[in-house]
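Below, each value reflects all heavy atoms present in this structure, side chains not excepted, and no hydrogens, waters or symmetry copies. Here the structure is a predicted model, which is why all the values come from computation and not from measurement.
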Amino acid sequence: MEYSNEKYFTISNQTHIPAPGFGTYLIDNEAVCQVVKDALDAGYRHIDTAAFYKNEEGVGKAIASSGLDRKDLFVVSKVWNDHRGYDAVRQSCQDSLQRLGLDYLDLFLIHWPANPVEYPDTWSQINQDSWKAMIDLYKEGKVKAIGVCNFLPQQLDPLMKMEIVPMVNQIEFHPGCTWPETLEYCKKHGILVEAWSPLGRGRVLEEPLLRIIAKDHGKDVAQVCVRYALQKNTLPLVKSVHPDRIQSNLDVFDFELTPNEMEAIDELEGKYPASRDPLTVVFK
């Protein structure tokens with residue numbers, strides 16, 4: 001079985017991205033500073049936030065007070081759906097940099113694609129206009145890498161004709177929900193898949209199969225889920241506010257799931273479906 005067992009992934013422009021990454025969704029701006037400090041103390045160097053999370057200021061404070069060199073950190077943010085189109089994407093990037101107190105982002109992502117339900121006639125053009133802004137931000141050095149989140153193959157197709165194609169696609173990915181067609185598409189086109197919600201928002205933690213596998217390895221189910229993502233050649237983004245869980249989610253490089261175990265977990269596909277469909281979801 002081919003997979004990366006390094007503590008980083010290399011994307012198409014040869015940038016190294018530390019793994020696992022640490023996510024900050026649903027951690028408010030007041031609490032996130034201490035949580036990110038705990039993550040950095042534990043050894044995480046990849047911090048993932050977004051304009052939509054409304055916690056970039058707190059993340060920035062944690063980074064500023066960490067004492068770590070900026071070059072040793074990998075900081076990610078995302079443009080939200082209310083900033084689609086060329087000018088709005090550029091403004092969103094500038095706003096995120098200001099809130100974070102940074103001169104550049106290591107990775108900037110489009111958070112959700114415009115889709116045919118919400119924009120039946122213009123979804124493709126909107127995504128291309130937004131992507132053109134991402135390309136220009138990358139060329140100007142304001143961001144060191146660019147990508148998307150939650151894009152399925154038919155939404156990626158229009159971007160593949162542009163000057164620079166996405167380097168990363170961050171999707172919901174966990175046992176029971178692995179988007180096999182999207183995973184294969186991204187592999188074919190050299191796009192790194194990052195796994196958000198690798199624990200299935202907690203839904204998979206009681207899965208009997210995973211509990212058996214975890215027991216056999218002397219690990220917990222969360223660690224098995226993170227390891228599964230790694231062995232599927234995806235970069236997991238883990239999240240917790242508890243220091244012990246923050247640490248244990250990082251301790252996934254001292255064991256290996258067997259081919260039979262991987263295949264058994266693969267057979268859970270569809271049991272824990274995605275929380276949202278990128279082709280139809282409309283955010284109110």
Side-chain angles (χ1 to χ4, degrees), residues 9 11-12 15 17 19-26 46-56 59 74-85 88-89 92-93 96 105-119 123-124 126-131 133-135 137-138 143-160 162 164-174 177-179 181-183 185-187 189-201 229 232 234-239 274-283:
F9 284 72
I11 58 174
S12 57
T15 294
I17 306 183
F22 187 80
T24 61
Y25 180 49
L26 295 179
H46 172 177
I47 306 298
D48 182 279
T49 183
F52 180 69
Y53 300 171
K54 300 189 185 306
N55 61 15
E56 289 171 308
V59 171
F74 194 92
V75 184
V76 185
S77 195
K78 313 177 191 78
V79 54
W80 185 241
N81 306 338
D82 57 359
H83 279 70
R84 290 189 169 120
V89 167
S92 178
C93 181
S96 287
L105 289 167
D106 295 278
L107 175 63
F108 194 43
L109 303 169
I110 296 175
H111 209 148
W112 284 90
N115 66 57
V117 170
E118 196 166 10
Y119 303 95
W123 65 270
S124 179
I126 290 170
N127 289 333
Q128 286 179 302
D129 290 345
S130 295
W131 189 248
M134 302 288 280
I135 290 172
L137 289 165
Y138 174 66
V143 299
K144 303 300 184 184
I146 50 177
V148 296
C149 305
N150 307 300
F151 275 58
L152 302 186
Q154 50 266 65
Q155 292 160 315
L156 285 165
D157 274 338
L159 307 187
M160 304 310 293
M162 299 181 68
I164 299 173
V165 304
M167 303 168 187
V168 168
N169 187 16
Q170 189 181 117
I171 60 175
E172 181 175 356
F173 185 99
H174 49 77
C177 176
T178 65
W179 300 98
E181 291 182 5
T182 300
L183 197 63
Y185 182 101
C186 290
K187 179 180 177 181
H189 292 282
I191 301 169
L192 171 66
V193 171
E194 292 187 343
W196 66 260
S197 193
L199 311 185
R201 298 190 173 188
K232 295 290 282 188
T234 70
L235 194 160
L237 298 164
V238 298
K239 189 202 82 173
S275 54
R276 296 182 178 94
D277 183 347
L279 289 176
T280 60
V281 64
V282 176
F283 293 90

*For the residue pair N81 and E118, confirm or rule out a side-chain donor-acceptor distance under 3.5 Å.*
no
*Is the side chain of D106 donor-acceptor paired with the backbone N or O of V75 at a distance under 3.5 Å, no angle test?*
yes
_For K239, give me all partners under salt bridge (Lys or Arg N to Asp or Glu O under 4.0 Å), at least two apart in sequence or on another chain._
none
*asked:* Working note: R201 + Y25, criterion side-chain contact (heavy atoms from CB on, under 4.5 Å); need CA distance, chi angles, decisive distance, verdict.
replied: CA-CA 11 Å; R201 298 190 173 188; Y25 180 49; 4.2 Å; yes
*Report the distance from atom OG of S197 to atom CD of Q170, rounding to the nearest 0.5 Å.*
10.5 Å
*asked:* Could you report the tightest heavy-atom contact between T234 and A229, atom names first, then the distance?
replied: OG1-O, 2.8 Å
*Shortest non-hydrogen contact between N127 and L159, atoms and distance*: O-CD2, 3.7 Å
_Value rounded to 0.5 Å, distance of CD in E172 from CG in D277_ = 11.0 Å
_Are the side chains of H46 and E194 in contact, using a 4.5 Å heavy-atom criterion?_
yes
*For the atom pair NZ (K144) and CZ (F108), what is the distance rounded to the nearest 0.5 Å?*
15.0 Å
*Might you work through the side-chain contact (heavy atoms from CB on, under 4.5 Å) test for M167 and I17, ending with a clear yes or no?*
CA-CA 11 Å; M167 303 168 187; I17 306 183; over 6 Å; no
*Between the side chains of S96 and E56, is a donor N or O closer than 3.5 angstrom to an acceptor N or O?*
yes
*Pair S130-V79, side-chain contact (heavy atoms from CB on, under 4.5 Å): steps then yes or no*: CA-CA 10 Å; S130 295; V79 54; over 6 Å; no
*Closest approach of V117 and T280, non-hydrogen atoms and distance?*
CG2-CA, 3.7 Å
*Which atom pair, heavy atoms only, marks the closest approach of R276 to F283?*
NE-CE2, 3.5 Å
_NZ on K232 to NZ on K187, rounded to 0.5 Å_ = 9.5 Å
*Any W123 side-chain heavy atom under 4.5 Å of N115 side chain*: no
*asked:* Quick one, L183 with F173, criterion side-chain contact (heavy atoms from CB on, under 4.5 Å). Give me CA distance, side-chain angles, the key distance, then yes/no.
replied: CA-CA 10 Å; L183 197 63; F173 185 99; 4.0 Å; yes
*asked:* I'd like to know if the side chain of W131 and the backbone of I164 have a donor-acceptor N/O pair within less than 3.5 Å.
replied: yes
*Could you grab the distance from atom CD1 of I110 to atom NE2 of H83, nearest 0.5 Å is fine?*
13.5 Å
_Side-chain heavy-atom pair H189, V165 within 4.5 angstrom cut-off_ = no
*salt bridge (Lys or Arg N to Asp or Glu O under 4.0 Å) involving D129 - partner list, sequence neighbours excluded*: none
*Could you give the distance from OG (S77) to CG (N55), rounded to the nearest 0.5 Å?*
8.5 Å
_Looking at T49, is its backbone amide N or carbonyl O close enough to the side chain of K78 to form a donor-acceptor pair, meaning the two atoms are under 3.5 Å apart?_
yes
*Closest contact, heavy atoms only, T24 versus D48*: OG1-O, 2.8 Å
_Exercise: identify the closest heavy-atom pair between G21 and L235_ = N-CD2, 3.7 Å
*Answer whether the closest heavy-atom distance between the side chains of L137 and V89 falls below 4.5 Å.*
yes
Name every donor-acceptor pair, under 3.5 Å, that has one atom in a side chain of residues 145-157 and the other anywhere in the protein, sequence neighbours excluded.
{"unit_1": "N150", "atom_1": "OD1", "unit_2": "W196", "atom_2": "NE1", "d": "2.8"}
{"unit_1": "N150", "atom_1": "ND2", "unit_2": "H111", "atom_2": "O", "d": "2.8"}
{"unit_1": "Q155", "atom_1": "OE1", "unit_2": "L152", "atom_2": "N", "d": "3.0"}
{"unit_1": "Q155", "atom_1": "NE2", "unit_2": "P278", "atom_2": "O", "d": "3.0"}
{"unit_1": "D157", "atom_1": "OD1", "unit_2": "Y185", "atom_2": "OH", "d": "2.7"}

